Number of protein chains: 2
Amino acid sequence: MFSLKSKLSEKGLKITPQRLSILDAIYNINHPTADDIIKHIRQKHSNIAIGTVYKVLETFVQKGLIKRITTEKDVIRYDGLLRHHHHLYSTDTVLIKDYIDEELDKILVGYFKKKQIHGFEIEELTLQIKGKFNN
Amino acid sequence: MFSLKSKLSEKGLKITPQRLSILDAIYNINHPTADDIIKHIRQKHSNIAIGTVYKVLETFVQKGLIKRITTEKDVIRYDGLLRHHHHLYSTDTVLIKDYIDEELDKILVGYFKKKQIHGFEIEELTLQIKGKFNN
DNA sequence: TCCTAAATGAGAATAATTCTTATCAAAGAT
DNA sequence: ATCTTTGATAAGAATTATTCTCATTTAGGA
């Protein structure tokens, strides 16, 4: 089962219309902000409280259903792609794209297996690839 | 000349006490927020307007004197280290440390010289290394 | 020293996020 | 199917971060 409902229940979360529509929004918007999600939900039909969206997003992050994306801005973006991946950041727009590259992952993991960082235990390696999208 | 004043004048910026103390703060605080900088300046002696700090920071970023750091939080942090480097992020605290590794840089550049990303022109590669600092 | 464009201060305005509390609803127990 | 309880949501206030506005000041070249 890959339904939205099963994703919630797998994490021991109650299934509510709000949570389902937030999860749906995350899967249908590219790295959305909380505001993107609110607008997306309100567009179609239902209303939702702003505080609920923030609270649910935090819950999802805690439960590992989604991740926060790092940006240089003062607004938090979320990512529903759980498979390990990197990000392409546009240097002139806000566009961010997922970048999956297992070969790169192997190289990075291999490199840091040999080369320890003194006083630091690595848990995750994410490459930020900044540049320009051609069209 | 590596004085703070020369850093400003090299970029064609007027030398003001506010700019000097902001630059000084950036070099003396580890990846500060605007608020960290304000507190640092007010601690010692001089007062400074909050708006001025934000404005000057933006100017510095535009001129390439400092950089914004990417984080998962909704607060912007700055970095005065201009040499290309990566970052170590603590997964349980807000600590961020610079990580310089030219060997890694060569591997990454070499990798993406061979492996193009379709529709994307790379300008900068920054690795986010998340994990735990041992004390 | 004077002049002018640029910088700053002060506070209002905006934006993003969190908090509070009353009401509501999911889902397990009956 | 209904009840009950615990957790979820709505609404709006509060907080925090950042930006904007505009009057005043100042750096630095003329």
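The chains referred to below are lettered A, B, ... by the order of the sequence lines, with proteins before strands, and numbering in each begins at 1. For clarity, every value in this text was computed on a predicted model and none was experimentally measured.
- When the nearest nucleotides of DNA chain D are assigned to A/Gly51 and A/Asp74 by heavy-atom distance, the more 5′-ward of the two goes with A/Gly51.
- The separation between B/Lys73 atom NZ and D/dT16 atom P is 15 Å, rounded to whole Å.
- To the nearest angstrom, P of D/dT25 lies 14 Å from CD of B/Gln18.
- Panel note: side chain B/Thr33, backbone B/Ile76; no donor-acceptor pair is recorded below 3.5 Å.
- Residue B/Glu58 contributes atom CD, which lies 16 Å from atom C1' of C/dA6 at whole-angstrom precision.
- Checked for salt-bridge contact, A/Glu103 and B/Lys114 miss the test: no charged N lies under 4.0 Å from a carboxylate O.
- Taking the six-membered ring where tryptophan is involved, the planes of A/His87 and A/His31 are perpendicular, since the angle between them exceeds 60° and thus also 30°.
- Distance B/Lys11 NZ to C/dA6 C1': 19 Å, rounded to the nearest Å.
- In this structure, A/Tyr54 places its OH atom 14 Å from C1' of D/dA14, rounding to the nearest Å.
- The side chain of B/Val75 sits closest to D/dT18 out of D/dT18, C/dA10, C/dA7.
- The pair A/Asp36-A/Arg77 meets the salt-bridge criterion, since a charged nitrogen lies less than 4.0 angstrom from a carboxylate oxygen.
- A/Thr91 places a side-chain N or O within 3.5 Å of a backbone atom of A/Gly131 that can act as its donor or acceptor partner.
- Mapping A/Pro17 and A/Arg68 onto DNA chain C by nearest heavy atom places A/Arg68 closer to the 5' end of the strand.
- Looking at heavy-atom distances under 4.0 Å, A/Asp35 makes no contact with the nucleic acid at all.
- Within the nucleic acid shown, A/Thr16 comes within 4.0 Å of sugar-phosphate atoms alone, with no base atom in reach, counting heavy atoms only.
- A straight line from NZ of B/Lys55 to C1' of C/dA5 spans 12 Å, rounded to a whole angstrom.
- A/Ile50 places its CD1 atom 11 Å from the P atom of D/dA10, with the value rounded to the nearest Å.
- When the nearest nucleotides of DNA chain D are assigned to A/Thr59 and A/Asn47 by heavy-atom distance, the more 5′-ward of the two goes with A/Thr59.
- Taking atom CD1 on A/Ile76 and atom C1' on C/dA15, their separation rounds to 13 Å, with Å as the unit.
- Nucleotides of DNA chain C nearest to A/Ile15 and A/Ala34 differ in position, and the one nearer the 5' end is that of A/Ala34.
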